[in-house]
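This report refers to the structure that appears directly beneath it.
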Amino acid sequence: MSTATSQKAEAVLEGLSEAQRQAASYLDGPLIIVAGPGSGKTRVMSHRMAYILATGVPPWRTMGVTFTNKAAAELRERCNILASRFVPNAAETNVSTFHSFGARFLRIHHDAAGLSRDFTIYDRDDQERMLKLIISDLNADAKVGEVLSSIEKAKNNNQKPDMFASIDTGYRHELHAEIYGLYEAELQKSNGVDFDDLLLKPYRILVQDDHIRSEMQDRYQHIMVDEFQDTNALQFELIRVLGDTHRNICVVGDPDQSIYSWRNARPENMERLAEVLPGCKIFELSESYRSTKTIISAASGLIAHNPRMIERVLFTNNEQGEPVEIGVTEHPEHEAAVIMDLVDRRMRSAVSKNGVGNLDDVAVLYRTNAQSRALETECSRRGVQYRLIGGMRFYERREIKDALALLRIVVNPNDETSLRRIINVPPRGIGPATLRKIEEFSLLNGVTLLDAVLLASDPTESRGLGLGNAALRKVRAFSDFVRTLVLNSETLYPNDLLEYALKGSGYNDWVQKDEETRAERFQNLEELGMLTEQYSNPDDRIEPRQALSDLLEHTALFANVDTLDDGVGTGSDELNSNVDAVGAITLITLHQAKGLEFDTVFIAGVAEGLLPHAMALNVRTQDEYEAACGEERRLMYVGMTRAKQKLHIMWPLYTSSSFHRRPNTPSQFLKEIPEEQVKEIEYARVPGRTPPPPVAFSSSSGVAVDRDPVVPSRRRREREKFSEIGVDDLPEEIRFKAGQRVRHETFGTGVVVNSRPVDGDLRVTVAFSEAGVKIVMASMANLEKI
DNA sequence: GGCTTAGGCTTTTTT
DNA sequence: AGCCTAAGCC
């Protein structure tokens with residue numbers, strides 16, 4: 001490096017801590033950056049990318065990979081801001097998500113993948129539709145979700161159907177393998193790919209095609225990957241291959257924040273990279289610039305219960321801060337009310353201190369999307385602005401998918417899934433029987449389903465379809481519409497084409513029919529219309545058809561977190577809020593909250609069965625149980641470390657307020673948080689605890705005033721839970737000992753092999769004769785003694 | 001043959 | 001709330 005160059009490079013590193021600077025400026029081979037929560041991960045990545053450019057590496061020879069479009073945009077922009085002083089074309093770095101990288105790769109090398117350029121990207125809903133059809137054609141007894149996860153697993157391990165079939169035997173496995181094969185054939189026929197294909201097909205091409213591989217390997221001098229703990233086997237291999245020439249692979253992540261193993265992520269990938277790439281350097285960023293000492297200690301105490309390959313200690317020089325509050329409430333609705341009261345109080349105190357309270361600084365985190373309902377209702381009731389992340393994602397809404405399906409059949413005439421989706425939506429008299437005849441014709445004559453439909457417009461040829469007069473008339477009307485739609489696509493830009501499609505198909509009129517839903521559906525279609533405007537500027541000198549393809553690619557690859565900053569701001573429109581604040585409170589799942597931070601964080605519903613979630617713990621072996629529980633614990637850890645100033649953890653005594661309610665037990669994770677960092681507050685009377693704490697109520701929901709809780713000491717309660725309560729102390733109906741024969745509704749009969757009391761409940765391990773070994777909670781499982 | 005309606009069932013997390 | 005099925009109606 002020349003002196004001038006090295007001065008530029010040094011300037012780019014300004015403002016980094018010593019540890020950050022070392023990680024950002026190490027360019028001598030592979031490195032792993034283990035970055036704890038709030039340690040400046042994004043900062044280090046963007047500075048490092050800028051540093052690479054400042055040393056003279058051309059932007060097009062760098063590559064940055066993230067999981068979300070939002071993270072990609074942030075990395076690109078921050079790097080550009082830092083480097084543009086020295087490098088004029090700093091914005092030309094290749095920063096993208098795994099999936100958009102794959103899509104771009106396949107658009108270029110579509111021939112090698114056996115696709116045409118206009119292939120369709122199928123999302124989960126499309127996949128499910130295809131599989132449903134295949135399963136019902138086979139008359140097979142298979143669950144769509146289970147087949148899908150088999151297929152995903154196979155693809156993530158680079159197994160084609162025959163390979164997948166050979167790795168295991170058993171009825172179910174063979175059936176899944178067969179369906180997988182048919183599914184692949186269907187994709188091929190449809191000129192379509194699924195999300196996994198966006199990685200798998202490029203990987204296979206790279207492995208097989210020496211020319212393409214060496215071209216790419218030579219090109220990418222530096223590769224950086226974000227959130228590496230969430231990569232799967234395929235993504236690991238893809239990165240390894242791409243970086244094999246220059247070996248400048250830099251991965252950033254935190255094994256403690258790995259929360260996607262259900263999506264086949266391999267948290268051990270971080271450590272494994274060091275084995276695969278000899279001489280790999282490991283940097284640790286252990287100082288948190290985000291949270292208070294209290295929050296860091298609390299979170300560290302929790303995560304210490306997980307077995308870890310490398311011990312890590314997170315620390316901070318921030319202030320001590322307030323204790324973590326564990327709040328006990330009556331039921332989820334009460335929990336929501338208490339949370340809103342606490343938010344209200346915090347906003348008011350912010351107003352008195354700095355003159356303004358900002359709801360943007362507050363988030364409520366929860367395990368399942370369904371939990372947002374109680375919170376939404378409470379926000380609406382009080383007129384508090386909120387921002388709901390996730391739930392039903394925009395591009396997954398029915399009317400949006402229908403509208404896009406109309407456009408998709410124009411771009412890709414082989415896209416049967418989209419054609420089936422809208423051939424009789426709105427109802428136009430083309431029912432199952434008519435559709436079957438069209439299908440038969442298409443199979444018999446080797447033409448696409450769409451071509452068979454379009455035949456109906458031809459007076460003579462249409463007889464071949466074998467339809468009655470009435471049915472033919474209806475298909476012909478649809479066919480005529482599709483023909484004009486396709487013709488119009490040559491000249492109309494996406495905005496006008498969409499409008500034509502919605503009008504001409506009768507979709508607009510149909511949407512108006514349902515009084516309940518029309519306002520929302522219409523609004524969503526309007527929003528889609530706005531998006532199409534961005535792809536409809538003739539000045540961009542992009543042909544209408546190309547613009548349409550670009551639009552569809554965008555809708556396929558854009559996820560929901562990406563729109564986080566767009567202020568979805570639902571809630572009531574009037575600002576009659578009794579909260580003195582601006583902005584909007586964020587409601588978000590723990591998974592989606594990763595990477596975000598807020599001054600004040602509430603984690604709601606921290607009860608056994610919800611966090612850890614019962615479904616996650618429904619596994620066969622003890623080892624699997626430990627692994628699943630570990631992942632749920634990491635989820636809790638991610639949630640806790642989102643908080644900068646104040647963390648509230650809430651759990652409701654009952655599962656709901658209705659008469660179906662069942663008692664909850666607090667999450668096992670609560671007692672793993674060191675008690676020095678915790679203050680417990682009872683907003684509801686806890687049965688069995690005496691005396692009931694005197695509670696002072698605020699106006700709306702009964703929030704207790706701040707005071708130290710009058711409850712038995714934590715140590716005493718733990719002693720009660722663990723040493724003094726044995727199986728024999730439990731109520732008869734949930735008392736199961738080893739050897740007891742039981743019957744379960746779905747698992748059938750089995751024998752108890754082990755049982756352990758957990759918080760007034762019993763964790764029972766049962767070996768079922770049909771279903772294998774299951775671990776269940778006695779109060780939930782409804783086991784019958786036999 | 002196709003459409004509408006009612007009732008039962010289920011809902012972990014998502015690039 | 002949305003999907004599926006069954007039943008009754010046009």
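Since the structure is predicted, the reported quantities are computational estimates derived from the model, not experimental observations. Per chain, numbering begins at 1; letters A, B, ... match sequence-line order.
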Open item on the list: What is the separation between atom CD1 on Ile603(A) and atom P on dT13(B), rounded to the nearest whole Å?
Closed with: 17 Å

- [ ] May I ask you to decide if the ring planes of Trp262(A) and Tyr260(A) are parallel, tilted or perpendicular, using 30° and 60° as cut-offs?
- [x] tilted

Open item on the list: If you define the side chain from C-beta out and look only at heavy atoms, does anything of Glu520(A) sit under 4.5 Å from Glu399(A)?
Closed with: no

TODO: Would you indicate whether the side-chain heavy atoms of Leu106(A) and Pro202(A) approach each other to under 4.5 Å?
DONE: yes

Open item on the list: Just by distance, no angles: are the side chains of Asp123(A) and Tyr395(A) close enough, under 3.5 Å, to form a donor-acceptor pair?
Closed with: no

Task: Charged tip of Arg266(A) within 45° of Phe236(A) ring normal and under 6.0 Å - done: no

Open item on the list: Need one value for Thr97(A): base, sugar-phosphate or nothing, where a base atom within 4.0 Å counts as base even if backbone is also close, heavy atoms only.
Closed with: nothing

TODO: May I ask you to check whether Asn269(A) and Thr231(A) show a side-chain donor-acceptor distance below 3.5 Å?
DONE: yes

Task: Atom CZ of Arg428(A) with >12 non-hydrogen neighbours under 6.0 angstrom - done: yes

Task: Spacing of Gln371(A) atom CD relative to dT12(B) atom C1', expressed in whole Å - done: 10 Å

- [ ] Could you check if a side-chain atom of Leu234(A) sits within less than 4.5 angstrom of a side-chain atom of Lys155(A), using non-hydrogen atoms only?
- [x] no

TODO: Using distance alone, with no hydrogens and no angle criterion, decide if Tyr122(A) and Asp415(A) have a side-chain donor and acceptor under 3.5 Å apart.
DONE: yes

Open item on the list: Say we look at dC4(C) and dT12(B): how far apart would their C1' atoms be, to the nearest angstrom?
Closed with: 22 Å

Open item on the list: Could you tell me how far apart Ile259(A) (CD1) and dT13(B) (P) are, to the nearest whole angstrom?
Closed with: 13 Å

Open item on the list: Whether Gln592(A) contacts dT13(B) is assessed here as follows: a side-chain N or O lying under 4.0 Å from the phosphate OP1 or OP2. Is that the case?
Closed with: no

Task: Arg518(A) atom CZ, neighbour heavy-atom count above 12 within 6.0 Å - done: yes

- [ ] Count the heavy atoms belonging to other residues, nucleotides or ligands that lie under 6.0 Å from CG of Asp137(A), then report whether that count exceeds 12.
- [x] yes

Distances for protein N or O near nucleotides 1-4 of chain C N or O, under 3.5 Å:
unit_1: dC4(C); atom_1: OP1; unit_2: Lys132(A); atom_2: NZ; d: 2.9

- [ ] Dot-bracket for DNA chain B, please, read 5' to 3', with Watson-Crick or G-U wobble pairs under 3.5 Å on both distances, ( ) within the strand, [ ] crossing, | other strand, . unpaired.
- [x] ||||||||||.....

Task: DNA chain B: 5'-proximal contact among Glu631(A) and Ala433(A) (nearest heavy atom) - done: Ala433(A)

TODO: Quickly work out the Tyr366(A) OH to dT13(B) P distance and round it to whole Å.
DONE: 10 Å

Listing time: all N or O pairs from protein to nucleotides 3-7 of chain B that are below 3.5 Å?
unit_1: dC3(B); atom_1: OP1; unit_2: Gly429(A); atom_2: N; d: 2.8
unit_1: dC3(B); atom_1: OP2; unit_2: Asn424(A); atom_2: ND2; d: 3.3

Open item on the list: Tell me whether Lys153(A) at atom NZ has more than 12 heavy atoms from other residues, nucleotides or ligands lying less than 6.0 Å away.
Closed with: no

- [ ] Give the rounded distance in Å between these two atoms: CZ of Arg263(A) and C1' of dT14(B).
- [x] 5 Å

Open item on the list: Could you tell me how far apart Arg473(A) (CZ) and dG1(B) (P) are, to the nearest whole angstrom?
Closed with: 17 Å

Open item on the list: On the nucleotide dG1(B), are OP1 or OP2 found under 4.0 Å from the side-chain N or O atoms that Thr434(A) carries?
Closed with: no

Task: His591(A) NE2 to dT14(B) C1', straight-line distance once rounded to whole Å - done: 8 Å

Task: Trp262(A) over dT12(B), stacked by centroid distance under 5.5 Å, angle under 30° - done: no

TODO: Check the distance between dT13(B)'s C1' and Asn369(A)'s CG and give it to me in whole angstrom.
DONE: 8 Å

